[in-house]
Amino acid sequence: MSLQIQMLGTGSAFAKTFYNTSALIRSNERNILIDCGSTTPRSLYDIQLQPDQIDGIVISHIHADHVGGLEEMAFRLLYESNQKKTKLYLTKAIADILWENTLKGGMYNPEDGYHSLEDYFDVIVIEEQVPVVIGPGLTIELVPTLHISSKPSYSLFINDRIFYSADVRFSEDLLIHEVTAKRNCHTIFHDCQLSGQGFIHATLDELLTLPEHIQQRIYLMHYADNMSDFIGKTGHMRFVAQHEIIDLPE
């Protein structure tokens, strides 16, 4: 099976039309989620995938539009799938705060023996900037990138040739030198704030300053509900659609 990425959602944190941005990597009959926002379980339902068909979840950072669906996933695996533990891939910096700061309030249940993240998931702590094999022909590398100051946040390299920004401020140096010149990524999935100043996300205006040969590799995601107003105004980049499947070289 060729490597595929299917966008489960393509909307910004406040979008109501396109679901939270998250992606499904399909590789050699394995299903790996990139993030699991509040709308991700609904999107999986839409494409007729059950939580127990997910082999792993990679977490980029702990905003609700990226982790808000983990509680539902965990409870459904627990109660509907015979306590199956799906692999949860994350760095130590995120592991230290995801349970205490985000999930514990709803999932802590000492009477039944549920005290930690590890009681619900097979937690795999991975090192920053170290490629990790998560399936045949599939590696993931989490690299620190700037989203919110003082909060850990990561972008992903998939098989070293695909860049997935998650949420990141615009970085010309990252995109030109690391993503394109050094790694020669053939495909880039990049979040895009369509208007206004890019305090925590790359803006369309900023991305339009990139050279044409880089723009041609970019799929725009994490956009607002007024995306249709910008069709034809994205240079050589294009919007990726919710539930669209992209076939990629392995």
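Note: hydrogens, waters and symmetry copies are ignored here, and every other heavy atom, side chains too, is used.
Taking hydrophobic clusters as Ile, Leu, Val, Met, Phe, Trp and Tyr residues chained together by side-chain heavy-atom distances below 4.5 Å, Phe170 shares a cluster with Phe239. Residue Leu174 is not grouped with residue Tyr219 when hydrophobic side chains (ILVMFWY) are merged at heavy-atom distances under 4.5 angstrom, including chains of intermediate members. One hydrophobic cluster, built from ILVMFWY side chains closer than 4.5 Å, holds both Ile124 and Ile62. Val67 and Val168 end up in different hydrophobic clusters when Ile, Leu, Val, Met, Phe, Trp and Tyr side chains are linked at under 4.5 Å. Linking Ile, Leu, Val, Met, Phe, Trp and Tyr residues whenever their side-chain heavy atoms come within less than 4.5 Å places Val132 and Leu90 in a single cluster.
Counting non-hydrogen atoms of other residues, nucleotides and ligands closer than 6.0 Å to CZ of Phe75 gives a total above 12. Annotation: Lys151, atom NZ; neighbour count of heavy atoms from other residues, nucleotides and ligands within 6.0 Å does not exceed 12. No more than 12 heavy atoms of other residues, nucleotides or ligands shown are found within 6.0 angstrom of CD on Glu127. Taking a 6.0 Å sphere around NZ of Lys87, one finds it holds 12 or fewer heavy atoms contributed by other residues, nucleotides or ligands.
Residues Pro152 and Glu128 have side chains not in contact (no heavy-atom distance under 4.5 Å, counting atoms from C-beta outward). Side-chain atoms of Met7 and Thr21, non-hydrogen and from C-beta on, do get closer than 4.5 Å to each other. A heavy-atom distance below 4.5 Å is not found between the side chains of Ile218 and Thr234. Two residues are said to be in side-chain contact when any heavy atoms from C-beta on lie closer than 4.5 Å; Tyr89 and Ile134 meet this criterion. Inter-residue side-chain proximity for Asn109 and Asp119 is flagged as unmet; no heavy-atom pair is nearer than 4.5 Å. Between Glu178 and Cys185 the shortest side-chain heavy-atom distance does not fall below 4.5 Å. A 4.5 Å side-chain heavy-atom check between Gln129 and Pro144 finds at least one atom pair inside the cut-off.
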TODO: Please report the C-alpha distance between Gln4 and Asp247 in whole Å, then the side-chain angles of each, then the deciding distance to 0.1 Å, and finally whether the side-chain hydrogen bond (donor to acceptor under 3.5 Å, both in side chains) criterion is met.
DONE: CA-CA 5 Å; Gln4 297 179 325; Asp247 290 302; 2.8 Å; yes

TODO: Using the side-chain contact (heavy atoms from CB on, under 4.5 Å) rule, take Arg76 and Gln50 through it: C-alpha gap first, then chi angles, then the decisive distance, then the call.
DONE: CA-CA 9 Å; Arg76 291 186 63 192; Gln50 299 299 317; 3.0 Å; yes

TODO: Go through His222 and Thr10 one step at a time and tell me if the side-chain hydrogen bond (donor to acceptor under 3.5 Å, both in side chains) criterion holds.
DONE: CA-CA 5 Å; His222 204 280; Thr10 56; over 6 Å; no

- [ ] Decide yes or no on side-chain contact (heavy atoms from CB on, under 4.5 Å) for Tyr19 and Leu8, but give the supporting numbers first.
- [x] CA-CA 8 Å; Tyr19 292 7; Leu8 296 179; over 6 Å; no

Open item on the list: The test is side-chain contact (heavy atoms from CB on, under 4.5 Å); show your working for Leu142 and Ile126 and say whether it passes.
Closed with: CA-CA 8 Å; Leu142 291 176; Ile126 61 179; 3.4 Å; yes

- [ ] Step by step, work out the side-chain contact (heavy atoms from CB on, under 4.5 Å) result for Leu156 and Phe189.
- [x] CA-CA 10 Å; Leu156 289 76; Phe189 294 88; over 6 Å; no

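For the pair Glu72 and Arg42, the salt-bridge criterion is not met [side-chain N within less than 4.0 Å of a carboxylate O]. Between Glu141 and Arg183 there is a salt bridge, since at least one side-chain N of the basic residue sits less than 4.0 Å from a carboxylate O of the acidic one.
In summary, of the residues considered (Leu70, Ile59, Ile57), a side chain to side chain contact (heavy atoms under 4.5 Å, CB included) with Leu33 occurs for Ile57 alone. Checking Ser165, Ser171, Ser155 one by one against Thr145, the side chain to side chain donor-acceptor pair (under 3.5 Å) holds for a single residue, Ser155.
Using bins of under 30°, 30° to 60° and over 60° for the plane-to-plane angle, the ring pair His61/His63 lands in the perpendicular bin. Note: Phe18 and Tyr223 have perpendicular aromatic rings, judged against thresholds of 30 and 60 degrees for the angle between ring planes. Ring geometry for Phe163 against His190 counts as tilted: the plane angle lies between 30° and 60°, on a 0 to 90° scale.
One finds the CE atom of Met73 at 15.0 Å from the OH atom of Tyr120 (value rounded to the nearest 0.5 Å). To the nearest 0.5 angstrom, Asn20 atom CG is 6.0 Å from Thr40 atom OG1. Interatomic distance, Ile25 CD1 to Ile34 CD1, rounded to the nearest 0.5 Å: 4.0 Å. In this structure, the separation between CZ on Phe230 and CE on Met227 is 11.0 Å, given to the nearest 0.5 Å.
For Arg161 (side chain) and Asn184 (main-chain N/O), a donor-acceptor pair under 3.5 Å exists by modelled atom type. No donor-acceptor pair closer than 3.5 Å links the side chain of Asp55 to the backbone N or O of Ile32. Checking side-chain atoms of Lys182 against main-chain N and O of Ile176 turns up no donor-acceptor pair under 3.5 Å. Under the 3.5 Å distance criterion, the side-chain polar atoms of Asn159 are matched with a main-chain donor or acceptor of Gly137. Between the side chain of Asp225 and the backbone N or O of Ala15, no donor-acceptor pair lies under 3.5 Å. A donor-acceptor distance shorter than 3.5 angstrom exists from the side chain of Lys84 to the backbone of Asp52, with no hydrogens or angles considered. The backbone N or O of Thr187 lies less than 3.5 Å from no partner atom in the side chain of Arg217, so there is not a single donor-acceptor pair. Between the Thr180 side chain and the Leu175 main chain, a donor and an acceptor come within less than 3.5 Å of each other. Under a 3.5 Å cut-off, the side chain of Asp96 and the backbone N or O of Ala93 do not form any donor-acceptor pair. For Asp35 (side chain) and Ser22 (main-chain N/O), no donor-acceptor pair under 3.5 Å exists by modelled atom type.
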Show which side-chain atoms of residues 97-106 pair as donor or acceptor with protein atoms under 3.5 Å away, not counting sequence neighbours.
{"unit_1": "Trp99", "atom_1": "NE1", "unit_2": "His115", "atom_2": "O", "d": "3.3"}

Distance-only check: which donor-acceptor pairs under 3.5 Å involve side-chain atoms of residues 193-211, not counting sequence neighbours?
{"unit_1": "Gln193", "atom_1": "NE2", "unit_2": "Ser195", "atom_2": "O", "d": "2.9"}
{"unit_1": "Gln193", "atom_1": "NE2", "unit_2": "Gln197", "atom_2": "O", "d": "2.8"}
{"unit_1": "His201", "atom_1": "ND1", "unit_2": "Asp191", "atom_2": "OD2", "d": "2.7"}
{"unit_1": "Thr203", "atom_1": "OG1", "unit_2": "Glu206", "atom_2": "N", "d": "3.0"}
{"unit_1": "Thr203", "atom_1": "OG1", "unit_2": "Glu206", "atom_2": "OE1", "d": "3.3"}
{"unit_1": "Glu206", "atom_1": "OE1", "unit_2": "Thr203", "atom_2": "N", "d": "2.9"}
{"unit_1": "Thr209", "atom_1": "OG1", "unit_2": "Glu206", "atom_2": "O", "d": "2.5"}

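Nearest heavy-atom pair, Asp167 versus Ser153, reported as atom, atom and distance to 0.1 Å: O-OG, 3.7 Å. Among all heavy-atom pairs drawn from Met107 and Ala74, the shortest one is CE-CB, 3.4 Å. In terms of heavy-atom proximity, Pro249 sits nearest to Leu3 at O-CD2, 3.8 Å. Ser43 and Gln242 make their closest contact through OG-NE2, 4.5 Å (heavy atoms, listed as atom of the first residue, atom of the second, distance). The shortest heavy-atom contact between Ser27 and Leu138 is OG-CB, 3.9 Å. Nearest heavy-atom pair, Leu49 versus Arg26, reported as atom, atom and distance to 0.1 Å: CD1-NH2, 4.0 Å.
Cluster note: Val133 groups with no other residue, as no ILVMFWY side-chain heavy atom lies under 4.5 Å from it.
The ring of Tyr114 has its center no closer than 6.0 angstrom to the ring center of Tyr108.
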